[in-house]
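The sequence lines fix the lettering, A, B, ..., with proteins before strands; numbering per chain opens at 1. Excluded from the calculations below are hydrogen atoms, water molecules and symmetry mates; all remaining heavy atoms, backbone and side chain alike, are included.
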Amino acid sequence: LYARALVTLLLALVSVACASFRSGGAPPTSPWPPAPAAARKSISMILASGGSEVNGKTVDTPPRVVANWREWTEATYRDSALFSALVDPSVPSDLRSEVRVVDTGEAKIGMAIACGVTLFLFPAKATDHLTLRTDFKNAKGEVLATIEKSESVNTWIELFLVVVMPFHWPKSEIRDLITELNRATLAEAHAKGII
Amino acid sequence: LSVGRSFCACVSLVALCSGLGCVSMPTGASLGRAEPATKSVPRGAWLAPVVISDPSARGATENQRQLTLAIEGYVQQAGYFSRVNLLPGEPSSDEYVLGFVFDRYELRREIHPMYVPLALITLGIYIWAGGPIYRDVTHFSASLSVADTSGKELLRYADHVDDEGNVSLWSPRYALPTSSAERTRLVRSLLEQAAYGLTAHATQ
């Protein structure tokens, strides 16, 4: 009985096929990484949710989601080789970047119910519109530049998407999106001579 | 990706265990939209890293960072000070240093006492009709200290927000529990007190 229950549960879990697709937006940042400046500065980066909404209702952004955004952003800053060091926000630095990610989501509730009731034969869809707003400041707290970049991701849930899912895993798509928005931000700040 | 992944989780849960109701998420750190300050202080302020000292708070380290930036944004948008920045930095001598400490930081989800008996008696109609399934209980308690740049404490305020509300299958909070409104209320209350206190302090 337990084995049957376990197999049923596993089959049910496997059948939950989600796949995400970026909306396209801006072309990939090129060249990447940009040519570094002659004198590189140290920077500290702090990131938080700038607010999340689902169908107009404010919700908490789960801390682990924000932690992922921060890790991907830190990786992009390191990868850029534009800074002499990326230091902890508690340590003084030449520059500070304050990154706020606003996630405005739309979920089709009717489709979700139909999807659940038909055991994923009927598709369901949700859209995340992510805006990355970065304030670059100097040690005196003066704002040097504010740069905003945004793009959307559509997430579909449907039984047969299980074959597409490995190539459009939601977490991978959003990692690529956050990385690209950060690259575009850093490239623009670099072009303006801020970093 | 909060909405997409949570949406996946929501649909899965509706399909697999809507009768059980087993969603639980840790407390976040975001704040709601800032309302304009009723009193503004014509000086700058620097915000020290926020401390969550509640030993039972999940993800306190991550939340402290996020809350620090969230409060900075809130103070800026509401206009409590002429400008606001994060420490470490180089404050000028006439600016203030703000320090928030949260000694209680809790969002707890309980099964509503009527859920199990009424769901069984009505063969699940209770759930689909929007009967309460959970009860979300929030407890936030915090203090705000205002010091000058030499470190001398000028003012200190403490406040708390305790709230609870029912959650049904159709509530927005069902799959995405939130305590943003309660947190925002507490932060705003402390800032309002500090703004009035500093204005009175300046006129003495």
So that I can tick it off, tell me whether [Y] and [X] are bridged by a salt bridge, with the cut-off set at under 4.0 angstrom between side-chain N and carboxylate O.
{"X": "A:R175", "Y": "A:E173", "answer": "no"}
{"X": "B:R109", "Y": "B:D136", "answer": "yes"}
{"X": "B:E62", "Y": "B:R65", "answer": "no"}
{"X": "B:E72", "Y": "A:R100", "answer": "yes"}
{"X": "A:E180", "Y": "A:K149", "answer": "no"}
{"X": "B:E182", "Y": "B:R173", "answer": "yes"}

**Request:** Heavy-atom pairs under 4.5 Å with chain B are the metric here; pick the option from A:S44, A:G50, A:A67, A:S49 that has the most.
**Result:**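 Looking at each option in turn, the highest pair count goes to A:A67.
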**Message:** So for atom CZ, which belongs to B:R185, do other residues, nucleotides or ligands contribute more than 12 heavy atoms lying within a distance under 6.0 Å?
**Reply:**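 Enclosed.
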**Prompt:** So, A:S42 side chain and A:D94 main chain: donor-acceptor pair closer than 3.5 Å or not?
**Reply:** yes
**Message:** Can you give me the closest heavy-atom contact between B:Y105 and B:R183, atom names plus distance?
**Reply:** OH-CD, 3.3 Å
**Request:** Check whether B:S92 gets within reach of chain A through its side chain, its backbone, both or neither, counting any heavy atom under 4.5 Å.
**Result:**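 No part of B:S92 comes within 4.5 Å of chain A.
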Sort [X] into side chain, backbone, both or neither according to what part of it lies under 4.5 angstrom from a heavy atom of chain B.
{"X": "A:L47", "value": "backbone"}
{"X": "A:V101", "value": "neither"}
{"X": "A:R70", "value": "side chain"}

**Item:** Inter-chain contacts: residues 136-144 of chain A against chain B, heavy atoms under 4.5 Å
**Value:**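 Against chain B, the residues of residues 136-144 of chain A that fall inside the cut-off (heavy atoms, under 4.5 Å) are A:K137, A:A139, A:K140, A:G141, A:E142.
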**Asked** With respect to chain A, which residue among B:L87, B:L86, B:V84 yields the maximal number of heavy-atom pairs within a distance under 4.5 Å?
**Response**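 Between B:L87, B:L86, B:V84, the count favours B:L86.
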